[in-house]
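Hydrogens, waters and symmetry mates are skipped; everything else that's a heavy atom, side chains included, is used. Letters A, B, ... mirror the listed sequences (proteins, then strands); counts begin at 1.
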Number of protein chains: 2
Amino acid sequence: MTTTAERRGGRASERALADLREAILEGELPAGAHLGEVEIAERLGLSRTPVREALTRLASEGLVELEAHRGARVTRFSREDLDGIFDVRLALEPQATARAADHATPADLDELEALAGAMLAVGAPGPEQDLDALVDLNRDFHARLLALAHAPALAAALANVVHTPVVTRTFRTYDPDSLARSLAHHAEIVAALRAGDGDWAGAVMRCHLGNARAVMVGER
Amino acid sequence: MTTTAERRGGRASERALADLREAILEGELPAGAHLGEVEIAERLGLSRTPVREALTRLASEGLVELEAHRGARVTRFSREDLDGIFDVRLALEPQATARAADHATPADLDELEALAGAMLAVGAPGPEQDLDALVDLNRDFHARLLALAHAPALAAALANVVHTPVVTRTFRTYDPDSLARSLAHHAEIVAALRAGDGDWAGAVMRCHLGNARAVMVGER
DNA sequence: CTCCTCGATGTTGTACGCAACGTAGGGTGC
DNA sequence: GCACCCTACGTTGCGTACAACATCGAGGAG
């Protein structure tokens, strides 16, 4: 969501960026892994140039760390880092959610509700449960919500720090109760937006983040 | 303050980044100006490669916009953009200021006080007034304050969006009363921190930003 | 045996060259 | 006279080659 820089490089550069990001977020490239430019270039069938550009961007997003003449490493997120990220989210996302109430059209709300519904269906305990699908749906939901706020600076601040995917990489760490709460929050946010009550929506988002923080960061 | 990515490229790349950033913030490269890679490369006596890397980073910071096969342009900030930036600052900087109260040592406070004092001296009306020096002092003050919060994620979120220098490019737009208030706020923040009162310090920062917003954005 | 120095090796940093893409201008057809 | 197409130009995107730097290992001196 580096809005403008994202659509550079018709093909290769963008592909390298997307592939690397996915590999990191998917856990395929574990935290602390060394990323050699040639290694990645060969792996993707590209030259070093676009790979280098992709690494530069990932570094500015904070997903990798660059050390001069020593290559790049996948960033290691400590418990404190994660906690700090939740501080930022709590400072910004409720506000964004509240603003979404002023801009959301009925069509927008229908889409959000569909996502929330899908998450409830996919996340319900039982043999049909698919926690991986949940990750994508969740990402979509939050992204759309953020877009509805019509606050580009706010969205940029979040995008460049939160690494939502890192934080929301998996729902497997959620215990059943927390997961149920999380899914219910999405639906409640839509309800609040439908009611045009930004304060309510923002409050739900705060609950949502508090719940997530407890799961991911643990005891404070 | 892209902490890790900043110290890449022993010489040329970093130089290009710094020079370009300064040129943009100084107004030497006006908003909307077209930035050709070869043009900049020749101007700095470098190859296109480091220039290209610098442009990529500036784009991810939001200072320039990249259009595929069409080059880079200096970002144009609208009034709404500026307003949105202040929303982010108001959401994050008071919190950071409050946290600084927990970490600041007497030595830190002395340095902050020195900066605040220098600003009062340099900013006082009269023949000695130097509004340009004020910009650097102000940048220093806010940067140190942010560092004292010990909240890297928060600092990163701000750095990647606020472009403090863009916002604080000049104090010439301040009327005498607003300027006096602004300078007094710095001193009051130090006082609040010395008292160990994070809430107070955060409140002053909110005032500080509200005052600045009124000057820079105008009527809401 | 330990420490220091020096070389070998692999990496990143930079420069340059070619190809692809977008744009603007002139020319032609209607 | 106007609209459309086609060509020529300038730009960026990518690949490759070379140079600079950092690290690690071996060898020798103390």
For [X], check side-chain hydrogen bond (donor to acceptor under 3.5 Å, both in side chains) against everything at least two apart and list the hits.
X	answer
A/Arg194	A/Asp110, A/Glu113
A/Asp108	A/Thr105
B/Glu111	B/Arg144

To the nearest Å, give me how far apart [atom1] ([X]) and [atom2] ([N]) are.
X	N	atom1	atom2	answer
B/Glu37	D/dT11	CD	P	11 Å
B/Glu53	D/dT12	CD	P	16 Å
A/Arg15	D/dC14	CZ	C1'	14 Å
B/Arg73	D/dT12	CZ	P	11 Å
B/Glu67	D/dG13	CD	P	11 Å
A/Glu42	D/dC14	CD	C1'	17 Å

(request) Map B/Thr49 and B/Ala72 onto DNA chain D by nearest heavy atom, then report which one ends up closer to the 5' terminus. (result)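 Closer to the 5' end of DNA chain D: B/Ala72.
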(request) Among the candidates C/dA15, C/dT12, D/dC14, find the nucleotide nearest to the side-chain atoms of B/Arg52. (result)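 Closest nucleotide among those given: D/dC14.
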(message) Per the salt bridge (Lys or Arg N to Asp or Glu O under 4.0 Å) rule, what does the pair list look like for residues 149-159 of chain A, sequence neighbours excluded?
(response)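 The answer is none; no pair qualifies.
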(message) Check the phosphate of C/dT14 against B/Ser47, side-chain N and O only, distance under 4.0 Å to OP1 or OP2. Yes or no?
(response)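 Checking C/dT14 against B/Ser47, no side-chain N or O comes under 4.0 Å of OP1 or OP2.
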(message) Return whichever of A/Leu35 or B/Leu46 has its heavy-atom-nearest nucleotide of DNA chain C closer to the 5' end.
(response)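 Whichever sits nearer the 5' end wins; that is A/Leu35.
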(request) Could you check whether the rings of A/His142 and A/His208 sit parallel, tilted or perpendicular, using 30° and 60° as the cut-offs? (result)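 Geometry flag for A/His208 against A/His142: parallel rings.
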Within the sub-3.5 Å range, which N or O atoms of nucleotides 18-25 of chain C have a protein N or O partner, and how far apart are they?
| from | atom 1 | to | atom 2 | distance (Å) |
| --- | --- | --- | --- | --- |
| C/dT23 | OP1 | B/Arg70 | NE | 3.4 |
| C/dT23 | OP1 | B/Arg70 | NH1 | 3.3 |

(message) Going by the rule ring-ring contact (aromatic ring centres under 6.0 Å, His included), which residues pair with A/His150 if we only count those two or more places apart in sequence or in a different chain?
(response)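 Residues passing ring-ring contact (aromatic ring centres under 6.0 Å, His included) with A/His150: A/His103.
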